[in-house]
Amino acid sequence: MVNQSHLGVNGITPIQQMIASCSGAFMTSLIVTPFDVIKIRLQAQRTPFYKGKCFLYCNGLMDHLCVCENGNAVAWYKAPGQFRGTLDAFVQIVRNEGLKSLWSGLPPTLIMAVPATVIYFTCYDQLRAFLKNHLGYDGIYIPLIAGAAARVGAVTVISPLELIRTKSQSRKLTYKELGSVVRIAVAQDGLLSLWRGWGPTVLRDVPFSATYWFNYELMKNQFCKKYNVSEPTFAISFFSGASSGAIAAVLTLPFDVVKTRRQIELGELSTIKTQRTLSSTWKIMERIVSESGFGGLFVGLLPRLMKVAPACAIMISSYEYGKSFFRKINQERALKTG
């Protein structure tokens, strides 16, 4: 039985919020992962991956750095065939390798993505409730503040795990060896070395999160008023999530370009064991502008929109549906016990 005194402002418990966000993360990953697998296979065909080469893999929720070990043979990644395009790649992969190959790499990514998503979405709702109920602030900027703070927390918690995972992919390591690598890194560069890459990640994800939640809550409330509903329907959540995700993706693209470059630089430096220092965020920005002009900071806009907008739509609509499901259960239990 759900203790009514423990229910939050949304009528559900924090545990129920976690379950709802977890289910949303699985749904997003299952739907979006095949598109990224196909994209990586096509990229590898055009520019073969050599040993030590890094590429980014995304399940729709997070970017993950993958380091090639032996040319094209890297963990779950297989050497590409000759594909004429996206549809041809889809058909050939399914025909030659089986349908499950489209979800290659899903388990290790979920290990990172699900905890990060649970922390992020649960913290957002809890912070928003705290600002409204305990601080008495009910302004339109609550989603912006709560979204930014929740993202900082999620990035801070996950960053060391992401760095450790990247090191483990650069070469085959046992858990004992991995522990030794981490201890040596901490001894040489201090505990903060586990948070390398935190800066550019925050610069990209915090503005994205603040912009996304601000626009999402604004759109959702407007649609609820327009259609005279107390809770957002699946369609309202889906459209609001896609639109707000697209807006945030465009505004934060320069930081995404910088983060991608810095992640790859970090992975490749780790692989070849060089002592060369990493470039700072602003130096990478200056280099991009000098090499490609201001437009270089907005490279990959269309692929980013095609990935981010549907991922945001699927995630938030699944999350809102999950919360609505638990809210109804709690209400029914309250009526029975009342």
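All residue numbers refer to positions in the sequence shown, counting from 1.
One finds the OG1 atom of Thr233 at 8.5 Å from the OH atom of Tyr227 (value rounded to the nearest 0.5 Å). Taking CZ from Phe208 and CG from Leu253, the interatomic distance works out to 11.0 Å, rounded to the nearest 0.5 Å. Here the CD1-OG distance, from Ile236 to Ser317, works out to 12.0 Å after rounding to the nearest 0.5 Å. Taken from CD1 in Ile314 to CZ in Phe26, the straight-line distance is 15.5 Å, to the nearest 0.5 Å. Of the inter-residue distances, the one linking Thr211 atom OG1 with Leu144 atom CG reads 6.5 Å to the nearest 0.5 angstrom. Taking OG1 from Thr122 and CD1 from Ile15, the interatomic distance works out to 8.5 Å, rounded to the nearest 0.5 Å.
Shortest non-hydrogen contact noted between Ala210 and Ala148 is CB-CB, 4.1 Å. Across every non-hydrogen atom of Cys123 and Ala150, the tightest pair is CB-CB, 3.9 Å. A pairwise comparison of heavy atoms in Ser21 and Val118 identifies OG-CA, 3.4 Å as the closest pair. Nearest approach of Val202 to Pro207, heavy atoms of both residues: O-CD, 3.4 Å. The heavy-atom pair separating Leu305 from Ala249 by the smallest distance is CD2-CB, 4.1 Å. Considering every non-hydrogen atom in both Ser244 and Tyr212, the closest pair reads OG-CE1, 3.2 Å.
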Q) Passes side-chain contact (heavy atoms from CB on, under 4.5 Å), Ser243 versus Asn215? Steps please. A) CA-CA 8 Å; Ser243 301; Asn215 285 299; over 6 Å; no
Q: Decide side-chain contact (heavy atoms from CB on, under 4.5 Å) for Tyr124 and Arg151; before the verdict, give the C-alpha distance in whole Å, the side-chain angles of both, and the deciding distance to 0.1 Å.
A: CA-CA 8 Å; Tyr124 168 75; Arg151 178 52 76 182; over 6 Å; no
Q: Evaluate the side-chain contact (heavy atoms from CB on, under 4.5 Å) criterion for residues Leu218 and Ile140: first the C-alpha distance (whole Å), next the side-chain angles of each, then the deciding distance (0.1 Å), finally the verdict.
A: CA-CA 8 Å; Leu218 194 64; Ile140 62 171; 5.7 Å; no
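With 3.5 Å as the limit, one finds a donor-acceptor pair spanning the side chains of Asp88 and Gln92. In this model, a donor atom of one side chain and an acceptor atom of the other lie less than 3.5 Å apart for Glu231 and Ser324. In this model, no donor atom of one side chain and acceptor atom of the other lie less than 3.5 Å apart for Asp205 and Tyr120. No side-chain N or O of Tyr321 forms a donor-acceptor pair with one of Ser23 less than 3.5 Å apart.
Listed for the Ser237 side chain is no donor-acceptor partner under 3.5 Å among the backbone atoms of Glu320. Judged by distance alone, with hydrogens and angles left aside, the side-chain atoms of Trp103 form no donor-acceptor pair with the main-chain N or O of Pro34 at under 3.5 Å.
Side-chain contact between Phe326 and Thr13 is absent, with no heavy atoms from C-beta onward closer than 4.5 Å. The shortest distance between side-chain heavy atoms of Glu217 and Arg128 falls below 4.5 Å. Between Met18 and Ile119 there is no side-chain heavy-atom pair separated by less than 4.5 Å. Within the 4.5 Å cutoff, the side chain of Phe223 has heavy atoms near those of the Ser240 side chain. Residues Ile12 and Asn330 are in side-chain contact: their nearest non-hydrogen atoms beyond the backbone lie under 4.5 Å apart. Considering only heavy atoms from C-beta on, Thr28 stays 4.5 Å or farther from Ile31 through its side chain.
Ring centroid separation for the pair Phe121 and Trp213 comes in under the 6.0 Å cut-off.
A single hydrophobic cluster is seen to contain both Phe90 and Ile93, as judged by linkage of ILVMFWY side chains at heavy-atom distances under 4.5 Å, directly or through other members. Each of Leu251 and Phe214 belongs to its own hydrophobic cluster when Ile, Leu, Val, Met, Phe, Trp and Tyr are linked at side-chain heavy-atom distances under 4.5 angstrom. Met306 and Ile247 fall into different hydrophobic clusters, where Ile, Leu, Val, Met, Phe, Trp and Tyr side chains are chained together by heavy-atom contacts under 4.5 Å. Note on Val152 and Val155: same hydrophobic cluster, where clusters join Ile, Leu, Val, Met, Phe, Trp and Tyr whose side-chain heavy atoms are under 4.5 Å apart, directly or indirectly. At a threshold of 4.5 Å between side-chain heavy atoms, the hydrophobic network of Ile, Leu, Val, Met, Phe, Trp and Tyr places Phe238 and Val229 in two separate groups.
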